Amino acid sequence: MARIAIFGAGYVGLVTGACFADLGHDVVVRDILEERVDELRAGRVPIHEPGLEELLAKNANRLSFTLDVGEALDGAEFAFVAVGTPPTASGDADLAAVWTVVHSLPQLDQGLILVMKSTVPVGTGEKVRAELDSLGLGHVGYVSNPEFLAEGTAVRDFTNPDRVVVGAFEPEHAERVAALYDGIETTVVTTDVASAEMIKLASNAFLTTRVSFINEIANVCELVGADVTDVALGVGLDARLGPHFLRAGIGWGGSCFGKDVSALKQLAGNSGYHFQLLAAVIEVNELQKRRLVGKLKSQLGNLRGKVVAVLGVAFKPETDDTRDAPSLVLIGRLLAEGAEVRAWDPIAPERVLPQGVTLHRDHLDALDGADAAVIVTEWPQLRGLASPEVRDAMRNPLIVDGRNLLDPSAARAAGFSYEGVGRGSPSVAEPAGTPEPDAVPQ
Ligand code: UGA
């Protein structure tokens, strides 16, 4: 079993650390935030990620937390970099935290391998390699090992990955990093460093392309009277296309997609190539987030003074993460239109909301006297939204379903005006044996 240091106690670092410890490795997680390290030492987990708290507790004897680089690296054979790489104003990735880690490495005697988990532009590995050499750390290896964890399912994604990608300058380094995953059944893709970096960016870009594509199909469905949930089911059953990431809605968000797609577009541009398709994928998503405002206006007229309940603030269910959440764009637009906005989310923090927007933990409080309810995050708690209780609480029983969570005919039968995304035709009775559109696996 190996000794692993992990730099960064965010979503990626904590999940990676907990899962490696669960595989039997000894892990030290290092962060620069004293408060975060104190919390973790006291057994408190600063983020909401299903299964993480249990995994950290179960493996406490193989996991420690520190502020100190020397302590993290003491005896370590691998140092994983799991720090943030947020976008800069120009859309490039900001690698400041990555460079801080590289520059914090002391002169080491041991044969360490630096493993990049953070998402970085293609070419970063080459630059870090050159920097390590010039710092007198030529004996420190470098491996790109991008992460494909999705928030809300990160622990499951680590233990059941579709693949592990390992890009290295030296085949032996790739083998050693791949061996850390022994015990996990998966395909290991071993490649050069630049290709591993590109696999990560291309994967996220492809996923966003699929979502923007189905969102445009949804928008056309609205005009021609088709139902995008049936269309996605029918399209996704083609084995060449597959069913995943074909859920139309208010658009994609989160801390990774926007940043990675724009980083790839910028990277192409900086290298002399205009990535037209990605420019459209991003633009479609920006417009998609705003389309719900148009739907509200067509139902309610001028939104000034209208009370709108925004249901779901987190960028997706099972997380408290609100980075790049579509809800925040929608709320901003609604406030600009003069609406009174109330928000509901079971765990998202209130501090991310603009002034004047109240956050409720009970959705009935948010809906009391509301002119419209907008489903922004498909929290399971909202499945029963079209209830008599909600209808009676609202001033005007209108549901705009930005995630196609509800059954339109059932919502209408319960006395609501209902608008989904791309659900142009009234639902027809399903012939027996037809899978429910909701059964499309994600
Ligand atoms: C995403 C990728 O799925 C991970 O593989 C990747 O490792 C991660 O980014 C990352 O780069 O760190 P994540 O952002 O956690 O994971 O969440 P997703 O489940 O991919 O959802 C992203 C957004 O797309 C959400 O806003 C979601 O609502 C939206 N989405 C997803 C749709 O609108 N429709 C879909 O069919 C699927």
Side-chain angles (χ1 to χ4, degrees), residues 8 10-16 47-50 82-87 93 117-120 145-158 160-165 197 199-218 228-229 231-233 235-236 241-264 281-282 284-285 288-289 291-292 312-330 348 375-379 401-405 421-422 437-438 440-442:
Y11 286 92
V12 174
L14 284 179
V15 172
T16 306
I47 54 171
H48 177 85
E49 185 60 49
V83 295
T85 51
K117 268 266 164 229
S118 301
T119 303
V120 294
N145 175 217
E147 61 87 16
F148 300 100
L149 314 175
E151 286 177 26
T153 55
V155 171
R156 194 187 69 200
D157 294 342
F158 188 100
N160 295 296
D162 291 339
R163 77 299 208 190
V164 165
V165 174
E197 293 167 342
I199 288 171
K200 168 67 191 188
L201 292 178
S203 298
N204 273 1
F206 205 168
L207 291 169
T208 55
T209 302
R210 283 178 70 101
V211 179
S212 281
F213 175 81
I214 201 68
N215 280 339
E216 289 221 278
I217 293 287
V228 74
T229 58
V231 173
L233 176 66
V235 168
L241 300 173
H244 304 287
F245 277 67
L246 288 179
R247 273 180 291 126
I250 186 176
W252 40 268
S255 67
C256 305
F257 275 2
K259 149 180 102 70
D260 292 355
V261 177
S262 105
L264 179 52
V281 165
I282 295 166
V284 167
N285 198 52
Q288 197 70 12
K289 289 186 242 175
R291 275 178 72 88
L292 291 198
V313 178
F315 84 98
K316 65 182 218 182
E318 298 309 332
T319 180
D320 57 353
D321 197 340
T322 57
R323 287 176 289 174
D324 223 350
S327 62
L328 300 179
V329 175
L330 178 68
I375 300 178
V376 179
T377 314
E378 63 278 35
W379 281 104
D401 185 353
R403 294 293 181 181
N404 290 340
L405 182 70
V421 177
D438 278 348
V440 176
Q442 289 296 338

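Quick caveat, the model's predicted, so the values are computed rather than measured. Whatever order the structure lists them in is the order used to number ligands and atoms, beginning at 1.
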**Prompt:** Is there any N or O on Trp252 that sits under 3.5 Å from an N or O of ligand 1?
**Reply:** no
**Message:** Only heavy atoms of Gly253, strictly under 4.0 Å: list the atoms of ligand 1 that pass.
**Reply:** 22 (C), 23 (C), 25 (C), 26 (O)
**Residue Val211 vicinity, atoms of ligand 1 by number, heavy atom under 4.0 Å** = 32 (C), 33 (O), 34 (N), 35 (C), 37 (C)
**Request:** Before giving the answer on side-chain contact (heavy atoms from CB on, under 4.5 Å), spell out for Val281 and Phe257 the whole-Å C-alpha distance, their side-chain angles and the decisive distance to 0.1 Å.
**Result:** CA-CA 11 Å; Val281 165; Phe257 275 2; over 6 Å; no
**Prompt:** What atoms of ligand 1 come closer than 4.0 angstrom to any heavy atom of Leu246?
**Reply:** 36 (O)
**Request:** Run the numbers for me: atoms of ligand 1, each under 4.0 Å from some heavy atom of Asp260, listed by number.
**Result:** 11 (O)
**Message:** Can you name the atoms of ligand 1, numbered from 1 with element, that are less than 4.0 Å from a heavy atom of Arg403?
**Reply:** 28 (O), 33 (O)
**Request:** With heavy atoms under 4.0 Å as the rule, classify the contact between Lys200 and ligand 1 as side chain, backbone, both or neither.
**Result:** side chain
**Request:** May I ask you to check whether Phe148 has an N/O atom sitting below 3.5 Å from an N/O atom of ligand 1?
**Result:** yes
**Asked** So do the side chains of Arg403 and Pro326 get within less than 4.5 Å of each other, counting heavy atoms only?
**Response** yes
**Request:** Output, in order, the C-alpha distance, side-chain angles, deciding distance and verdict of side-chain contact (heavy atoms from CB on, under 4.5 Å) for Lys117 and Thr16.
**Result:** CA-CA 9 Å; Lys117 268 266 164 229; Thr16 306; 4.1 Å; yes
**contact_flag Gly254 ligand 1 heavy-atom lt 4.0 Å** = no
**Lys316 vs Glu378, salt bridge (Lys or Arg N to Asp or Glu O under 4.0 Å): CA-CA, chis, key distance, verdict** = CA-CA 7 Å; Lys316 65 182 218 182; Glu378 63 278 35; over 6 Å; no
**Request:** List every atom of ligand 1 that sits less than 4.0 Å from any heavy atom of Cys256, numbering the atoms from 1 in the order shown and giving each element.
**Result:** 8 (C), 9 (O), 10 (C), 11 (O), 12 (O)
**Message:** Minimum distance, heavy atoms only, to atom 37 (C) of ligand 1: which one of Phe245, Phe315, Phe257 is it?
**Reply:** Phe245
**Prompt:** So, do Val211 and Asn215 sit near enough that their side-chain heavy atoms are less than 4.5 Å apart?
**Reply:** yes
**Item:** Heavy-atom side-chain contact between Glu151 and Ser255 under 4.5 Å
**Value:** yes
**Prompt:** Hey, looking at atom 18 (P) of ligand 1, which of His244, Lys316, Arg210, Arg247 has the closest heavy atom?
**Reply:** Lys316
**Prompt:** Given the rule in the side-chain contact (heavy atoms from CB on, under 4.5 Å) test, do Thr153 and Glu318 qualify, once you have shown the distances and angles that lead to the verdict?
**Reply:** CA-CA 8 Å; Thr153 55; Glu318 298 309 332; over 6 Å; no
**Request:** Would you kindly specify which portion of Leu149 sits under 4.0 Å from ligand 1, judged on non-hydrogen atoms: side chain, backbone, both or neither?
**Result:** backbone
**Message:** Out of all atoms in ligand 1, which are within 4.0 Å of some heavy atom of Asn204? Include the element for each.
**Reply:** 2 (C), 6 (C), 9 (O), 10 (C), 11 (O)
**Request:** Determine the sole option in Thr208, Leu201, Leu207 for which the side-chain contact (heavy atoms from CB on, under 4.5 Å) test with Asn204 is passed.
**Result:** Leu207
**Asked** CZ of Phe148: more than 12 outside heavy atoms within 6.0 angstrom?
**Response** yes
